[in-house]
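I have placed the structure first, in the form of structure tokens, so that the comments after it can refer back to it.
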Amino acid sequence: MEILLRQFQTKSFLSICKCLEPAYSHATSWTSGNAMLGKTLFHTSNTVAMPYNPPKGPRKWPIYNKKIFAPQLPGEERRPAYVCHMRTNIKYSPFKMWYVASMIRGMSVDEAIKQLSFVNKQGAVHVKEVLLEAQKLAVEKHNVEFKSNLWVAESFATKGLVMKGIRRHAKGRVGLVHYFHCHYFVRLEEGSPPAHFFFETAPKTTKTLLSEWVDEMRQRRIPGSL
Amino acid sequence: MPTMNAGIQVRERHTKHWAPAFKKLRRLKVQKVKLPNFREEDTISELTPDQIRSRMKEQGILPPRSWMERPITISATGAVFEPYIPPEGDGKLSSLTLGGAKQSMEFLSKKSKSMLAVRKIRSFEDNFSPSTFAEEAQDIYIKAHKALVEKDYDTLHQCVTELCFPLMTEDLKMCTTRWQFLKSLEPPRVVHARCTDIINKENIFSQVTVRFHTQQTLAVYDRFGRLIYGSEVVAKDVVEYVVFEKHLANSYGLWRIHEKIIPDWMPAREPGRKTYVQQKPVVESEPVADTAVPATPTEQSAAVA
């Protein structure tokens with residue numbers, strides 16, 4: 001059965017632009033059993049007014065959040081939760097953002113937020129906001145119990161929109177001005193951060209040191225020998 | 001005067017351009033480029049209607065229509081009308097005891113309003129009878145839950161109304177469910193029936209409440225495969241009052257699960273393995289009155305005076 005609903009303009013321009021409240025408040029005046037219709041069954045937003053803006057920029061990173069893992073067997077080690085978050089087209093150079101992104105790799109979330117609060121870079125403000133958003137998402141949507149029990153597993157920035165402008169130099173020469181944007185990506189994982197995130201800076205065990213020394217000794221050759 | 005400037009931070013410039021007179025010309029060397037604002041969504045809620053209007057003009061978007069006509073199909077009602085009130089302690093007593101036997105002797109034929117509703121349903125559906133319907137209802141129940149577990153939403157829409165669908169699926173979207181229907185401890189029974197019309201007198205919806213006493217296992221795993229509710233091995237006895245709805249006036253109408261009646265006396269479910277931070281209640285403090293505190297006389301003030 002079809003009925004035509006007429007939603008008259010009684011609301012402000014602002015609310016119409018935002019396509020708010022469904023029309024049930026008007027519809028129920030037409031019906032005998034108002035409560036029967038309830039609030040759950042009408043979706044009367046105005047799709048004509050706002051044109052469809054296709055999403056721009058990177059879209060694959062948040063898809064990692066949709067992956068559902070198979071149920072774990074009783075004896076298996078508990079799989080740590082993770083959340084992937086990003087912010088696209090930040091008005092900041094990716095070359096400068098690299099310093100901020102690489103600084104927090106392997107840190108716990110609390111430590112990262114603390115450090116970013118005192119880094120003298122514009123990019124740090126954005127990274128800190130993204131970390132806080134990601135922490136909130138992890139707790140609310142990804143079944144992370146403690147918001148502090150997270151560490152930065154992946155943190156990187158890539159090139160975004162680059163707009164080019166011009167400037168003049170002396171003697172009629174022209175220069176190009178690049179206005180850089182960057183995308184910032186972060187993956188927070190549940191648990192305490194690893195003792196040594198970077199392989200190169202981890203202290204070597206005596207066993208590895210010994211084996212390396214032995215290899216070096218064995219590589220020695222006498223020059224000019226047969 | 002030192003006392004007035006005390007505590008105020010003053011920052012001065014220590015550098016100055018070697019030719020400050022040419023600042024304007026130097027600024028004109030670089031052509032200003034209008035960069036798109038990617039952080040627009042954050043501030044859009046703080047705009048006034050006039051600002052929104054001007055922005056839409058800039059982007060060349062026409063304003064929305066002042067009225068909106070859209071055809072709507074009502075295929076399910078939004079609530080349970082005249083819900084069934086289950087008797088307290090139902091399902092606790094064994095049917096072999098006197099009290100339990102009395103409970104199971106709750107005949108639908110003694111409820112006049114329900115029988116009227118059944119008669120109304122028979123006017124649309126000739127071979128409708130509460131006894132046969134109860135078995136059908138159990139089949140629909142099992143089919144719906146199997147579809148929910150397999151995330152087969154096409155079948156689920158056939159088995160469940162539009163009101164029930166989001167209630168069933170929303171929380172389980174990012175979870176894996178494992179559900180088993182072991183057996184029915186008591187035969188399913190129709191306990192309640194009602195009919196109502198929406199908008200027109202001919203547009204009739206009927207709602208029939210069926211009582212199930214079954215044994216089921218349920219285990220829910222989160223996105224990472226960690227158990228958050230129930231167990232795959234432990235079976236639970238479940239007493240449920242499920243409301244089935246059908247759009248009688250629609251020739252293609254189907255009996256579908258609409259709602260579940262959970263009485264107050266029903267014991268609470270086992271809590272899920274998830275912790276929350278309890279929100280502190282917002283305590284509105286009394287406004288502090290800014291009055292001058294009279295100075296208490298001390299030795300020094302007395303000496304000054």
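All chains are named by letter (A, B, ...) in the order of the sequence lines, taking the proteins before the strands, and each is independently numbered beginning at 1.
For the options A:Asn143, A:Ile166, A:Val177, A:Thr88, heavy-atom pairs under 4.5 Å to chain B are most numerous at A:Asn143. Taking B:Leu227, B:Asp222, B:Leu28 one by one and counting their heavy-atom pairs under 4.5 Å with chain A, the maximum is reached by B:Asp222. For the options B:Arg39, B:Gln59, B:Met174, B:Gln31, heavy-atom pairs under 4.5 Å to chain A are most numerous at B:Arg39.
For A:His169, no part lies under 4.5 angstrom from a heavy atom of chain B. Contact of A:Pro74 with chain B is not made at all, since no heavy-atom distance falls under 4.5 Å. Within the 4.5 angstrom heavy-atom criterion, only backbone atoms of A:Ala70 (N, CA, C, O) approach chain B. With a threshold of 4.5 angstrom between heavy atoms, B:Lys173 approaches chain A through N, CA, C or O but not through any side-chain atom.
Atom NZ of B:Lys57 has 12 or fewer neighbouring heavy atoms from other residues, nucleotides or ligands inside a 6.0 Å radius. Counting non-hydrogen atoms of other residues, nucleotides and ligands closer than 6.0 Å to CZ of A:Phe198 gives a total above 12. Within a 6.0 Å sphere centred on CH2 of A:Trp61, heavy atoms belonging to other residues, nucleotides or ligands number more than 12. By the neighbour-count criterion of 12 heavy atoms within 6.0 Å, atom OH of A:Tyr179 is densely surrounded, having more than that number from other residues, nucleotides or ligands. The number of heavy atoms from other shown groups lying within 6.0 Å of CG (B:Asp152) is above 12. Atom CD1 of B:Ile85 is surrounded by 12 or fewer heavy atoms from other residues, nucleotides or ligands within 6.0 Å.
Taking both residues in full, the closest heavy atoms of B:Lys274 and A:Val139 are given as NZ-O, 4.3 Å, listed atom of the first, atom of the second, then distance. Heavy atoms only, all atoms of each residue included: A:Lys91 and B:Leu35 are closest at CE-CD1, 3.4 Å. In terms of heavy atoms, B:Phe224 sits closest to A:Arg79 at O-NH1, 2.6 Å. Taking both residues in full, the closest heavy atoms of A:Tyr64 and B:Arg223 are given as O-NH2, 3.0 Å, listed atom of the first, atom of the second, then distance.
At least one side-chain heavy atom of A:Leu161 sits less than 4.5 Å from a side-chain heavy atom of B:Pro36.
Once rounded to the nearest 0.5 Å, the distance linking CZ of B:Phe38 with CZ of A:Arg87 reads 13.5 Å.
For the pair B:Arg226 and A:Phe69, the cation-pi criterion (under 6.0 Å, within 45° of the ring axis) is not fulfilled.
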